Amino acid sequence: MIADDDEKWLAAATAAVKQNAFYMQRAIDSNNLKDALKFSAQMLGELRTSKLSPHKYYELYIRASDELRSLEMFFRDETALGCSIAELYELVQHAGNILPRLYLLCTIGSVYIKSKDVTAKDILKDLVEMCRAVQHPLRGLFLRSYLAQVTRDKLPSIGSEVEGDTETHMDALEFVLQNFTEMNKLWVRMQHQGPTREKEKREKERNELRDLVGKNLHILGQLEGVDLVVYRDTVLPRILEQVVNCKDELAQCYLMDCIIQVFPDDFHLQTLDVLLGACPQLQPSVDIKTVLSGLMERLSNYAASSVEALPNFLQVDAFSKLNHAIGKVVEAQVDLPASASVTLYLFLLKFTLHVHSDRLDYVDQVLGSCVSQLSATGKLCDDKASKQIVAFLSAPLEKFNDVVTILKLTNYPRVMEYLDNDTNKAMAIIIIQSILKNDTRIATADEVDAMFELIKGLIKDFDGLADNDEIDEEDFQEEQNSVARLVHFLYNDDPEEMSKIIFRIRKHILTGGPKRLPLTIPPLVFSALKLVRRMRGGDENPFGDDTSTPQKILQLLTETVEVLSDVSASELALRLYLQCAQAANDCELETVAYEFFTKAYLLYEEEISDSKAQVTALRLIIGTLQRMRVFNVENRDILTHKATGYSAKLLKKPDQCRAVYECAHLYWAEEGENLKDGERVVLCLKRAQKIADAVQKMANASRGASSTGSVSLYVELLNKYLYFLEKGNPQVTGETIQSLAELIRSETKKAESGAGTFITSTLRYMEFQRQQEDGGMSEKYQKIKMEWFE
Amino acid sequence: MVLVLALGDLHVPHRAADLPPKFKSMLVPGKIQHIICTGNLCIKEIHDYLKTICPDLHIARGEFDEDARYPETKILTIGQFKLGLCHGHQVIPWGDLDSLAMLQRQLDVDILVTGHTHQFTAYKHEGGVVINPGSATGAYSSINQDVNPSFVLMDIDGLRVVVYVYELIDGEVKVDKIDFKKTSTSNSAP
């Protein structure tokens, strides 16, 4: 209802304005000064209303002030006027009501200034004082706004054509400052008009008007002659005086922000004391953190954009002043929520990173202040605050792109302590990702310790965390894989230091528990094996630490891989033992290698029960053993014998056959004469054939179930015989091969499915070898009579 | 022209953190028609990454692979060529050319792609061509003392395959190429 009325009154007032403007224009066109004045006064009389809301009053005001422009043009032409501007100035002072009179005076006054018949100073002073007559807040504000607007291009400022000297500059300055002061007083007074229950409404209305007041500061910012000295000695103190003394929360908040945005950054830098000094004097309800954040952000951007300004920051000791000011604010505002104080520190941190990126001690100081603040609240459950802390911790990460620098900040891990568990882990992942992305090397044992301190949320369970807490399986795996990837960046070229690093990594990883170890131990093992290989290549260091020998590392690995079998990761443990055995072999450490094999065999016998797993595990054992050169005859025999035994005991006969014939390779190695035992090779192959025979028998009995399958075994064996024939095993004779080939032929005939491609390609290969021009090979093949194969 | 990427033995995260950045920037999605992977990725993240480069992904099982469902061997036909895929830890002695030739006869393929040794090889023998793309991350190997990151790109065109090998040596990517030609469309007599 009230809104409707508002509209109605505005419509009525606007109509009146329009009408009077029309007549005024007509009077202007016929150079009728008297009538022009009469109708303009009537038009302006509409602005005397108290019925409109600020928003609607503004619309009316715009209308009216627009129309005044043609009046202003009229006033400029003295011949048209028929009198001098000075006379006009006098004349108008006799107009009826105050408000129209003052609007007209301002209009005329601005023209008067331009005429240069009188000093601008006098007129401006006159006008700004006279406007005091209107003490109604809303009307007064708009009147003074009009004054500012209409005099603006008459002041010596950027973009105006007015020139002046220092004196004129100071006069203009004085004028604007006074207008500003009066406007602010009026604006503040609005707060106290009307009943208390309408307080919110009034504040909203006041907010709509705030730019009217702020405009003055903009004008000040544009004035000529407002250099640093003038700003520091006159402008800022006067503005702050008004801001502090008005004791109005809304005004203080807005104006502080205005000051920061309007005036140049190097001004702020040089007057930091004064500006910050005003803060504690403001009303307690003022949101200081927004003010300070705004200031710090501006200063950060300033530092980022102009390198030449950086020394000034140091000169005025900006950091300590800001740090101190924030400390005071946080101290004073006891109810400040955690997210708010962290935001403050975040801005200070960004400032520090921009301005003093070489001063790690400053950065650490900011982190420390944040920690002190947080210690009052304890671990955060507040999402907003957690997000802010992550932003807080990410800022130095992104700035330095070097986690090693972060490790030097003693307060960094302490801040992390205040995050809830999930956010802590997320932050740890962010840190690891920074390392991966920037290829950061963490090169000393102590840095490794510091690193693990930071990511301890990933490394082990938090205190008091029950096992059945909800952990997403996939997320968990990804986390641990991140930790695994990290291990490869913990590296030093120096074997001694690297050795220490290995020991430290192990120490931390072993606290992880059964779910983590299978994911984190393998990278540690391989990192250690790389070290062993390097140690082998380097010179013996007689003064070296006891830990930096291959033996010591391999010993450590034994103890480490053992842990895996305790947490049911036996297949993995077996593979790792075999890897270690090979490394020991390369270091010529026979006992150590034997030890690893023993452990692997034990796992095979006791822990690996799935038949498929056994087949693979046994393959790996045979493949590894086949490459070992470090064993003496006895040891080798023992291990080979066992392997062959396992082979014969696999669950499925075809698997047995294959494993046994693979064992033949254990008796034949390319280097070394004493590793070529032709007889044992053939024994193996014959044994395998017996198993194949058994398979064939079963297949025939069950009527062609997988007859091609078992024929395949024979073909595989045939190929193995050919292999050893080519290698020059004297025990492999033409006859042996022939009879096997015969067997294959007859078995293939029995099965109606025809010869598989394997036999065809084998025969083709045999023929190819026979035709070889290199006599040795073809000789061997010619020993085999193959005429009966069509 | 069909482009086939052959790579394997990445061993992420056990032995390496990731593929070298220079390789990653070369492996752009949409350029490759097939990926043949010799195994030992070892984790799902690598599987997913390879899928983004090309959805037609074939993997054979390595002994450290997390996913137990990859097959021990795989045979596929691309154009005029039959390709066989096997990680290679199953073939003893490891890296032995004659033993690999036996596997190739058994699978009856023109090209056998295999890994495990972390050593690039490409050679022709009586039964066809054997290609080992090496380790794409340059991962530690107990078999090979000096491993450089490497992978292979095969360009299959009719009866001809050009094998490009990319190796990262001292921070620079070096390329080499080898030509192979099939003599007829089928290897074995009916």
Side-chain angles (χ1 to χ4, degrees), chain A residues 436 439 474 477-478 480-489 519 522-523 525-527 529-530 533 571-572 575 578-579 581-583 585-586 612 616-617 619-620 622-624 626-627 662-663 665-666 668-670 712 715-716 719-720 722-723 726-727 756-758 760-762 764-765 768-769, chain B residues 11-18 20-21 40 42-46 48 61-66 68 72 75 82 87-109 116 125-128 137 139-147 186-190:
Chain A
L436 299 184
D439 200 18
E474 232 182 81
Q477 297 251 350
E478 270 185 48
Q480 297 308 311
N481 285 332
S482 289
V483 176
R485 290 189 212 225
L486 172 65
V487 171
H488 301 291
F489 292 87
L519 299 164
V525 170
F526 285 106
S527 193
L529 288 177
K530 279 196 235 184
R533 181 169 281 170
E571 288 179 51
L572 180 59
R575 284 153 174 71
L578 292 176
Q579 292 281 338
Q582 292 189 77
N585 175 74
D586 297 339
K612 257 191 99 185
T616 312
R619 272 281 158 82
L620 295 173
I622 297 171
T624 312
Q626 195 270 335
R627 293 175 54 83
E662 298 287 16
C663 285
H665 289 284
L666 294 175
W668 194 275
E670 282 309 286
S712 171
V715 183
E716 290 169 40
N719 275 273
K720 283 295 167 188
L722 293 175
Y723 176 95
E726 290 184 18
K727 297 291 183 217
T757 48
F758 194 7
T760 320
S761 49
T762 310
R764 191 197 64 227
Y765 173 67
F768 176 83
Q769 292 294 69
Chain B
H11 289 283
V12 173
H14 294 166
R15 308 188 199 184
D18 204 353
N40 277 340
C42 307
I43 51 178
K44 185 173 170 295
E45 275 116 304
I46 298 295
D48 292 341
R61 180 152 180 250
E63 80 274 31
F64 280 97
D65 272 313
E66 179 184 79
E72 298 282 320
I75 299 176
K82 256 179 102 179
H87 175 250
H89 66 270
Q90 304 93 329
V91 177
I92 291 167
W94 291 335
D96 184 285
L97 306 181
D98 296 312
S99 293
L100 287 170
M102 167 179 158
L103 176 62
Q104 186 152 11
R105 291 192 285 275
Q106 188 169 8
L107 297 177
D108 189 36
V109 292
H116 189 56
H125 62 100
E126 182 275 337
T137 55
Y140 170 89
S141 161
S142 51
I143 301 169
N144 182 0
Q145 307 281 330
D146 193 13
V147 184
S186 78
N187 254 336
S188 35

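Please read all numbers here as calculations on a predicted model, not as lab measurements. Per chain, numbering begins at 1; letters A, B, ... match sequence-line order.
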Could you tell me which portion of B/A16 (side chain, backbone, both or neither) has an atom closer than 4.5 angstrom to a non-hydrogen atom of chain A?
backbone

Max heavy-atom pair count under 4.5 Å with chain B, selected residue of A/L519, A/L620, A/L722:
A/L620

B/N144 to A/R533 - nearest heavy-atom pair and separation
O-NH1, 3.5 Å

Heaviest contributor of heavy-atom pairs below 4.5 Å to chain B, chosen from A/V483, A/L666, A/V487, A/T624, is A/T624

Quick one: are B/E66 and A/Q477 in side-chain contact, heavy atoms under 4.5 Å?
yes

Does any non-hydrogen side-chain atom of A/S712 lie less than 4.5 Å from one of B/Q106?
yes

Do B/K44 and A/E478 come within less than 4.5 Å of each other through their side chains, counting heavy atoms only?
no

Interface residue of largest heavy-atom contact number with chain B, from A/K727, A/E662, A/K530, A/R575, under 4.5 Å
A/R575

Least distance between heavy atoms, A/R485 atom then B/P13 atom:
CG-CB, 3.7 Å

Side chain to side chain, B/R15 and A/Q579, heavy atoms closer than 4.5 Å:
yes

What's the shortest heavy-atom distance between A/Q582 and B/S142, and which atoms?
NE2-OG, 2.9 Å

Any A/K720 side-chain heavy atom under 4.5 Å of B/M102 side chain
yes

Heavy atoms only: give me the nearest A/R619-B/W94 pair and the separation to one decimal.
O-CZ2, 4.4 Å

Which heavy atom of A/Q626 sits nearest a heavy atom of B/I92, and at what distance?
CG-CG2, 4.5 Å

Which heavy atom of B/H89 sits nearest a heavy atom of A/T616, and at what distance?
NE2-CG2, 3.8 Å

Identify which part of B/V91 has an atom lying under 4.5 Å from any heavy atom of chain A, answering side chain, backbone, both or neither.
neither

Evaluate the ring planes of B/H14 and A/F526, with Trp represented by its six-membered ring, and classify them as parallel (under 30°), tilted (30 to 60°) or perpendicular (over 60°).
parallel

Which residues share a ring pair (Phe, Tyr, Trp, His ring centres under 6.0 Å) with A/Y723, sequence neighbours left out
A/H665

The criterion is salt bridge (charged side-chain N to carboxylate O under 4.0 Å, His left out); which residues satisfy it with A/E726, sequence neighbours excluded?
none

Can you tell which part of B/E63 gets under 4.5 Å to a heavy atom of chain A, answering side chain, backbone, both or neither?
both

